[in-house]
Amino acid sequence: MDALVVYESMFGNTKQIAEAVAEGLATRLRTEVVEVGSAPATVGPEAGLLVVGGPTHAFAMSRASTRRSAAQQTTQSLVSRGDGVREWLSALATASAAVRSAAFDTRVAKPRVPGSAARGIARRLRRLGVRAVAPAQSFYVTGTEGPLAAGELERARQWGESLAASFPVTTA
């Protein structure tokens, strides 16, 4: 079985979390990590687990307007420069009922702002007929541009391991 991790990231924090989750998944599953702009339009049966993540913007998944706002807040180049997870999920086709999913987001730790991109991602995946294997998960940054809060990369890796452990080991 394979796992596909698709992420959207503005300042690089969500990318780091996606890579850490993939590291945990790779302890048991063949795993590929892709930025949403390079993600496939169809996820077939070869991807037994689809993990999707993005930053929380204005209490939810990013939109074109919030991505423009993020670009204006930094002098650095954005990691994800085109459409985001919201648009990708709107166009996504899944070719197999066997595909399972998990969703994550990054959000500011203090003050704890309500809303979650991960819950919206999980809801959209459910509407596509993709069953979740775990509740939506949030990982925290210390400010709008980051950095990640202490311990979040390790927590993401452990979450990836726990997701992988929910699938039986297959031998080739």
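Because only heavy atoms are used, hydrogens play no part in the values below, and waters and symmetry mates are left out as well, while side chains stay in. FYI, the numbering just counts along the sequence from 1.
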>> Before you tell me yes or no, could you show the steps for Y7 and V79 under side-chain contact (heavy atoms from CB on, under 4.5 Å), namely the whole-Å CA-CA distance, both residues' side-chain angles and the distance that decides it to 0.1 Å?
In response: CA-CA 10 Å; Y7 70 89; V79 174; 4.2 Å; yes
>> side-chain contact (heavy atoms from CB on, under 4.5 Å) for R155 and Y140? Distances and angles first, verdict last.
In response: CA-CA 10 Å; R155 196 166 69 84; Y140 296 97; 3.9 Å; yes
>> Determine whether L50 and V52 satisfy the following criterion, side-chain contact (heavy atoms from CB on, under 4.5 Å), listing intermediate values before the conclusion.
In response: CA-CA 6 Å; L50 174 62; V52 182; 3.7 Å; yes
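For T14 against G53, the heavy-atom pair with the smallest separation is CG2-C, 4.1 Å. Here the closest heavy-atom approach between residue V6 and residue A39 is recorded as CG1-CB, 3.8 Å. Taking all atoms of both residues into account, the shortest heavy-atom contact from L49 to A102 is CD1-N, 4.3 Å. Residues V99 and A47 share a closest heavy-atom pair of CG2-O, 3.3 Å. In plain terms, the two heavy atoms of T106 and P55 that are nearest each other are OG1-CA, 3.5 Å. Of all heavy-atom pairs between P135 and W159, the closest is O-CZ2, 4.2 Å.
R131 CZ: 12 or fewer foreign heavy atoms inside a 6.0 Å radius.
For the atom pair R81 CZ and R67 CZ, the distance stands at 13.5 Å (nearest 0.5 Å). Put simply, CG on L92 and CD on E87 are 13.0 Å apart, with the number rounded to the nearest 0.5 Å. Once rounded to the nearest 0.5 Å, the distance linking NZ of K15 with OG of S80 reads 9.0 Å. Separation of atoms CE (M61) and CZ (R119) is listed at 12.0 Å; rounding is to 0.5 Å. For the atom pair CD of E19 and CZ of R157, the computed distance is 14.5 Å after rounding to the nearest 0.5 Å. Interatomic distance, S62 OG to R86 CZ, rounded to the nearest 0.5 Å: 7.0 Å.
Side-chain contact between L125 and L89: present, with at least one pair of heavy atoms (C-beta onward) separated by less than 4.5 Å. Counting only heavy atoms from C-beta outward, the side chains of F11 and V141 never approach each other to under 4.5 Å. Annotation: side chain of M10 is not in contact with side chain of Q73 (no heavy-atom distance under 4.5 Å). Counting only heavy atoms from C-beta outward, the side chains of L153 and I17 approach each other to under 4.5 Å.
Listed for the N13 side chain is a donor-acceptor partner under 3.5 Å among the backbone atoms of E145. E8 places a side-chain N or O within 3.5 Å of a backbone atom of V85 that can act as its donor or acceptor partner. When atom types are taken as modelled, the side chain of Q137 and the backbone of F104 share no donor-acceptor pair closer than 3.5 angstrom. With T142 contributing its side chain and P147 its backbone, the two residues share a donor-acceptor pair below 3.5 Å. For the pair W88 (side chain) and P40 (backbone), a donor-acceptor distance under 3.5 Å is present. Put simply, the side chain of E154 never gets that close to the backbone of G151: no donor and acceptor are under 3.5 Å apart. Between the side chain of R30 and the backbone N or O of D2, no donor-acceptor pair lies under 3.5 Å.
T56 is linked by a side-chain contact (heavy atoms from CB on, under 4.5 Å) to D105, R107, A117, counting only residues two or more places apart in sequence or in another chain. Under the rule for a side-chain contact (heavy atoms from CB on, under 4.5 Å), the partners of A26 that lie at least two apart in sequence or sit in another chain are T31.
Between the side chains of R124 and S90, at least one donor N or O sits under 3.5 Å from an acceptor N or O.
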